[in-house]
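Residue numbers count from 1 along this sequence.
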Amino acid sequence: MAYYKIAQQVFAEEAAALTNVSERLDASFDQLVEQAAEISGRIIFIGTGKSQLVAEKIAASLSSIGNASFAVDAGTAYHGDLGRIAADDLVLFVSNSGETQEVLQALFALQQIFHDQLQTVALTGNTESTLAQNCSLVFDLGVSEEVDLTKMAPTASTTAVLAFGDALMVALEKQKSFSRREFAKYHPGGSIGKMLLQRVKHVMHTKVPYVNQDTPINDVIYIISDYGIGLTLVRENETGKIIGIVTDGDIRKKFLQVASVKKSVAADYMTEGFVSIDQNQRNQAAWQLMASHNISNLIVIDDKKDVVGVVTIHEVL
């Protein structure tokens, strides 16, 4: 059986559902973005079941751009976690039917605590529901039907909520001119943070191999292997000045061109000079420099132009 045909049908039906939901968005979305941008508190999602799982993802996405956000299970909220919510928060309730008892109980309990102080938003598939009638802002995320065989399992409906959350995140990015560098501040351990925040000196290899011009090629190979960074610098025999570099790629390329391999030395494989970068440059600058020269490593220098390390493409990505 061609199950991929089923998969294609699911994609098509969910895409159509998202298109229908998007066409119902209006200026109320602008109001939500303004509220989310202006609140002094947090953006909080309350749902249960699959809706709660989707809410967790949306909350995580908003937090990743600097909007403090988290999700609370409706049942847990009603049994003690309402204390996590304050009057200056913005609370979004997620329920496709708009009649989920746990969600309604949490809503009514919060209204009893905060009265009209709390800003409440309903994300629902039923604008006539109890949830919709009791929230200050309502979004119709309803789909004509779910896409599973029973037409009952949360599929298109949860996808609509997820897309709505993504749209809110992107709108908030636009509202505050959120940049890649700001994104990196909240992702210091990820690849973007590594590229944009860390400097070359944080990731470079400080143990740098050296050979002389007349170092036998066998010794050169051993040294490159021992240091594990794929290269060695080459010094001039008399002065000790660094005059070039030998990489493992250089050896492979020139191996067959050398007349007598057994008698060959570092100078036979050396590339004169080398591309360098200051140790205080960002990793992104190192990556761009490597890309522009079509190389995979850089020699790192300090403010005195002395060699202090080596950085490869693997460290900056």
Side-chain angles (χ1 to χ4, degrees), residues 64 179-317:
S64 76
S179 67
R180 284 172 60 89
R181 188 168 297 281
E182 288 174 305
F183 186 86
K185 287 193 300 186
Y186 300 101
H187 298 74
S191 59
I192 295 177
K194 187 177 181 182
M195 281 276 287
L196 298 181
L197 296 182
Q198 290 188 346
R199 300 183 187 276
V200 172
K201 64 184 178 182
H202 297 142
V203 298
M204 70 181 184
H205 297 272
T206 55
K207 294 182 178 180
V208 183
Y210 295 92
V211 297
N212 292 329
Q213 285 176 287
D214 60 359
T215 300
I217 190 57
N218 284 350
D219 293 338
V220 174
I221 293 172
Y222 285 133
I223 288 173
I224 291 177
S225 298
D226 285 345
Y227 279 78
I229 54 176
L231 62 84
T232 181
L233 292 178
V234 182
R235 288 185 171 124
E236 191 174 47
N237 292 335
E238 294 78 17
T239 65
K241 178 183 176 182
I242 301 171
I243 57 172
I245 185 174
V246 175
T247 69
D248 50 11
D250 291 331
I251 296 173
R252 289 194 299 271
K253 291 175 185 176
K254 300 179 181 179
F255 195 76
L256 296 179
Q257 302 172 15
V258 176
S260 178
V261 173
K262 289 184 178 181
K263 296 180 180 180
S264 62
V265 296
D268 295 319
Y269 303 86
M270 180 185 76
T271 298
E272 292 187 8
F274 52 83
V275 182
S276 64
I277 188 168
D278 186 273
Q279 63 178 346
N280 290 309
Q281 288 289 321
R282 303 281 185 183
N283 285 349
Q284 183 182 30
W287 178 82
Q288 291 173 335
L289 187 57
M290 285 187 242
S292 66
H293 287 82
N294 195 28
I295 56 178
S296 59
N297 49 66
L298 295 171
I299 306 306
V300 185
I301 58 175
D302 61 15
D303 55 1
K304 297 179 181 179
K305 307 301 181 183
D306 292 330
V307 173
V308 292
V310 173
V311 67
T312 74
I313 192 118
H314 303 293
E315 279 79 57
V316 299
L317 290 180

A.B. asks: Filter on side-chain hydrogen bond (donor to acceptor under 3.5 Å, both in side chains), then keep only pairs touching residues 230-247, sequence neighbours left out; what's left?
C.D. replies: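 Residue pairs with at least one partner in residues 230-247: E236-T239, T247-D250.
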
A.B. asks: For side-chain contact (heavy atoms from CB on, under 4.5 Å), just list the numbers for V234 and I242, CA-CA rounded to whole Å, side-chain angles, deciding distance to a tenth of an Å, and then say yes or no.
C.D. replies: CA-CA 6 Å; V234 182; I242 301 171; over 6 Å; no

A.B. asks: To the nearest 0.5 angstrom, please state how far the CD atom of E315 sits from the CG atom of N297.
C.D. replies: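 The CG atom of N297 is 10.0 Å from CD of E315, to the nearest 0.5 Å.
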
A.B. asks: Please report the interatomic distance CD1(I221) to OH(Y269), rounded to the nearest 0.5 Å.
C.D. replies: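 Answer rounded to 0.5 Å: 7.0 Å.
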
A.B. asks: Side-chain contact test, heavy atoms from C-beta onward, threshold under 4.5 Å: evaluate it for I224 versus L231 and give yes or no.
C.D. replies: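 When only atoms from C-beta onward are counted, L231 and I224 do not touch, as no gap falls below 4.5 Å.
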
A.B. asks: What do the steps show when you test I217 against I251 for side-chain contact (heavy atoms from CB on, under 4.5 Å), and what is the final call?
C.D. replies: CA-CA 9 Å; I217 190 57; I251 296 173; 4.1 Å; yes

A.B. asks: Could you tell me which non-hydrogen atom of T312 sits nearest to which non-hydrogen atom of I229, and how far apart they are?
C.D. replies: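 What the structure gives for the nearest pair is CG2-O, 4.1 Å.
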
A.B. asks: If I compare all heavy atoms of V220 with all of A266, which pair ends up nearest, and what's the gap?
C.D. replies: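 Heavy-atom minimum between the residues: CG2-CB, 3.8 Å.
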
A.B. asks: If you compare all heavy atoms of P209 against all heavy atoms of I223, which two are closest, and at what distance to 0.1 Å?
C.D. replies: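 Closest pair (atom of P209, atom of I223, distance): CB-CG2, 3.6 Å.
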
A.B. asks: What pair of heavy atoms forms the shortest contact from S276 to I301, and how long is it?
C.D. replies: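 Between these two residues, the closest heavy atoms are OG-CD1, 3.8 Å.
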
A.B. asks: Looking only at heavy atoms, what is the nearest atom pair of V316 and M290, with distance?
C.D. replies: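 For V316 and M290, the tightest heavy-atom pair comes out as CG2-CE, 4.0 Å.
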
A.B. asks: Please answer whether the main-chain N or O of D214 pairs with a side-chain N or O of N212 as donor and acceptor at a distance below 3.5 Å.
C.D. replies: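 Looks like no, no N/O pair under 3.5 Å.
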
A.B. asks: Within the structure provided, determine whether V275 and I299 are in side-chain contact (heavy-atom separation under 4.5 Å).
C.D. replies: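 Counting from C-beta outward, V275 and I299 never come under 4.5 Å.
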
A.B. asks: Mind checking the CD1-CD1 spacing from I295 to I313? Nearest 0.5 Å is all I need.
C.D. replies: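 I295 CD1 to I313 CD1: 9.0 Å, rounded to 0.5 Å.
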
A.B. asks: What is the minimum heavy-atom distance between V308 and M204, and which atoms define it?
C.D. replies: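 Result for this residue pair: O-CE, 3.7 Å.
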
A.B. asks: Run the numbers on M270 and I245 for side-chain contact (heavy atoms from CB on, under 4.5 Å), then give the verdict.
C.D. replies: CA-CA 5 Å; M270 180 185 76; I245 185 174; 5.9 Å; no

A.B. asks: Do L298 and V311 touch side chain to side chain, with heavy atoms closer than 4.5 Å?
C.D. replies: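 Yes, their side chains come closer than 4.5 Å.
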
A.B. asks: Please list, chain by chain and in numerical order, all residues satisfying side-chain hydrogen bond (donor to acceptor under 3.5 Å, both in side chains) with T206, sequence neighbours excluded.
C.D. replies: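 side-chain hydrogen bond (donor to acceptor under 3.5 Å, both in side chains) list for T206, sorted by chain: empty.
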
A.B. asks: Rounded to the nearest 0.5 Å, what separates atom NZ in K253 from atom CG in D248?
C.D. replies: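 Result: 10.0 Å between the selected atoms.
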
A.B. asks: For V265 and T215: C-alpha separation, side-chain torsions, deciding distance, then whether side-chain contact (heavy atoms from CB on, under 4.5 Å) applies.
C.D. replies: CA-CA 5 Å; V265 296; T215 300; 6.0 Å; no

A.B. asks: So do the side chains of V200 and R282 get within less than 4.5 Å of each other, counting heavy atoms only?
C.D. replies: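 Side-chain contact under 4.5 Å: no.
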
A.B. asks: How many angstroms lie between NZ in K305 and CG in D278, if you round to the nearest 0.5 Å?
C.D. replies: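 The distance works out to 6.5 Å.
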
A.B. asks: To the nearest 0.5 Å, tell me how far N280 CG sits from D302 CG.
C.D. replies: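 Going from the CG atom of N280 to the CG atom of D302 covers 9.0 Å.
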
A.B. asks: According to side-chain hydrogen bond (donor to acceptor under 3.5 Å, both in side chains), does anything in residues 220-229 pair up with another residue at least two apart or in another chain? List the pairs.
C.D. replies: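 Counting only pairs at least two positions apart or across chains, no side-chain hydrogen bond (donor to acceptor under 3.5 Å, both in side chains) contact touches residues 220-229.
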
